[in-house]
2 protein chains.
Amino acid sequence: MTETAPVRTAFCAKQPPRAHPRPEGQDHYTISEVAAHTGLTAYTLRWYERIGLMPYVGRSHTGQRRFRNSDLDWLAFVGKLRLTGMPVADMVRYAELLREGEHTFEERQELLESTRRDVRKRIAELQDTLAVLDYKIDFYADARRASERA
Amino acid sequence: MTETAPVRTAFCAKQPPRAHPRPEGQDHYTISEVAAHTGLTAYTLRWYERIGLMPYVGRSHTGQRRFRNSDLDWLAFVGKLRLTGMPVADMVRYAELLREGEHTFEERQELLESTRRDVRKRIAELQDTLAVLDYKIDFYADARRASERA
DNA sequence: CGGTTGCTTGGAGTGCACTCCAAGGTCCTA
DNA sequence: TAGGACCTTGGAGTGCACTCCAAGCAACCG
């Protein structure tokens, strides 16, 4: 159990203001609470920790995980990144940068900017796709209207 | 080699007008030409056909695949659907509907509309993500500017 | 004529992101 | 005191979408 010190270093501290308070107001949650809240399974949460995707999760005096609000913030962020299709390995890289402290601000910013470029590209692609779908849906709608009139 | 008749049924006939002409102007391409054009491998193209994702591909008198412009249109469309994360099985379903003829127009339209809803949702999610990324990138940019002034 | 490209089927392998389990243990609540 | 939630590690299994190959053969090109 040779843990490195609980670094919990200054990372981009805040999420944009959240609308919804967390389940129970306190700042510690068991793994099953977090699972219920995030929709991830406890297995997945432990796996995230194993592969270094969590920036250190605290433990109770008996060794149970105690997730904090900052962990939920992080998981929400990871969820967003996941939606972009970012590979887990890249997220792990970002998590590493967090653990390494403030001197990685530049690299973190670059990583996020590159991700942002990807996301913008994906949005553009999807909007393209949307145009095609609109076109085809109109085609079918027209064709069916025409055949009804016939 | 018990092929069903080359159905090549009326499907949403046109893609939205395309900007780029196809490699060589003729209406038949070998598998490697299509591979080069689409970025898919010949393996993948054959696999698409095997699983029923292609609406019948013609053959030369010697049995070689001869892709036509309509196949390239279809592959371009499949490529877009792939970008949306639609599972291959659903695309196969759509391809089946094409093969079944005009009486499936309604179901095709529904399928595309459901896909469109998904795409819109994905775009919204990505825009959400974009907002978070912007926020964090600004955070790092500010922090670095501040530390430089210090 | 030889080399490249293509054909077929069936099946094996890859990489990703989970997903789950075993096994043996601790701790908390009713 | 029983049951349930949780802990650990290592490893196996899953599902998807490819990705590639073997083997044996046909056709085309210079």
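Keep in mind it's a predicted model, so treat the numbers as computed, not measured. Computation of the quantities below employed the complete heavy-atom set of this structure, encompassing side-chain atoms and omitting hydrogens, waters and symmetry-equivalent molecules. Reminder, nothing fancy here: chain letters follow the sequence lines and each chain counts from 1.
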Self-check item: Separation of atom CD in B/E33 from atom C1' in C/dT5, rounded to whole Å
Solution: 11 Å
Exercise. Provide, to the nearest angstrom, the distance between the CD atom belonging to B/E49 and the C1' atom belonging to C/dC7.
Key: 11 Å
Exercise. Give the angle between the helix axes at the two ends of the helix from C/dC1-D/dG30 to C/dA30-D/dT1, taking five base pairs at each end and rounding to 10°.
Key: 20°
Self-check item: Donor-acceptor contact present, side-chain B/T104 to main-chain B/E107, <3.5 Å
Solution: no
Practice problem: Tell me what A/R65 touches on the nucleic acid: a base, only sugar-phosphate, or nothing, going by heavy atoms under 4.0 Å. | Solution: sugar-phosphate
Quiz item: With a non-hydrogen cut-off below 4.0 angstrom, is A/T30 in contact with a base, only sugar-phosphate, or nothing?
Solution: sugar-phosphate
Quiz prompt | Separation of D/dC16 C1' from B/I51 CD1 (nearest whole Å) | solution = 11 Å
Self-check item: Protein-nucleotide distance (A/M54, atom CE; C/dC18, atom C1'), rounded to Å
Solution: 16 Å
Quiz prompt | Donor-acceptor contact below 3.5 Å, side chain B/R122 vs main chain A/L83 | solution = yes
Self-check item: Side-chain donor-acceptor pair present, B/Y29, B/N69, cut-off under 3.5 Å
Solution: yes
Exercise. Look at the side chain of B/S32 and decide which nucleotide, out of C/dT8, C/dT5, C/dC18, has an atom nearest to it.
Key: C/dT5
Practice problem: Check the distance between D/dC7's P and A/R59's CZ and give it to me in whole angstrom. | Solution: 7 Å
Quiz item: When the distance from CD1 of B/I31 to P of C/dT5 is rounded to whole Å, what number comes out?
Solution: 13 Å
Practice problem: Would you mind telling me which residue lines up with the more 5' stretch of DNA chain C, B/A42 or A/M86, judged by nearest nucleotide? | Solution: B/A42
Quiz item: Does a side-chain N-to-carboxylate-O contact under 4.0 Å join B/R93 and B/E96?
Solution: yes
Exercise. Classify the ring geometry between B/W74 and B/Y94 as parallel (under 30°), tilted (30 to 60°) or perpendicular (over 60°).
Key: parallel
Practice problem: Compare every heavy atom of A/L45 with every heavy atom of A/A35, then report the nearest pair and how far apart it is. | Solution: N-CD1, 3.8 Å
Quiz prompt | Salt-bridge present (A/K121, A/D118; N to O < 4.0 Å) | solution = no
Quiz prompt | Exam field: side chain A/R99 to backbone A/G52, donor-acceptor pair closer than 3.5 Å | solution = yes
Quiz item: Side chains of B/Q64 and B/R59: donor-acceptor distance under 3.5 Å anywhere?
Solution: no
Practice problem: Sugar-phosphate means primed atoms, P, OP1 and OP2; the rest is base. With that split, encode nucleotides 19-30 of chain C 5' to 3' as B, S or - using protein heavy atoms under 4.0 Å. | Solution: BBB-----SS--
Self-check item: C/dC18 phosphate, OP1 or OP2, under 4.0 Å from A/Y48 side-chain N/O
Solution: yes
Exercise. Would you indicate, yes or no, if C/dA17 has its OP1 or OP2 atom less than 4.0 angstrom from a side-chain nitrogen or oxygen of A/R82?
Key: no
Quiz item: Going from CZ on B/R116 to CG on A/L126, what distance comes out if it is rounded to the nearest 0.5 angstrom?
Solution: 14.5 Å
Quiz prompt | Among C/dC18, D/dC18, C/dC7, the nucleotide that comes nearest once only the side chain of B/R46 is considered | solution = C/dC7
Quiz item: NE2 of B/H28 versus C1' of C/dT5: gap in Å, rounded?
Solution: 15 Å
Quiz item: Within this structure, what is the CZ-to-C1' distance between A/F67 and D/dA5, rounded to whole angstrom?
Solution: 14 Å
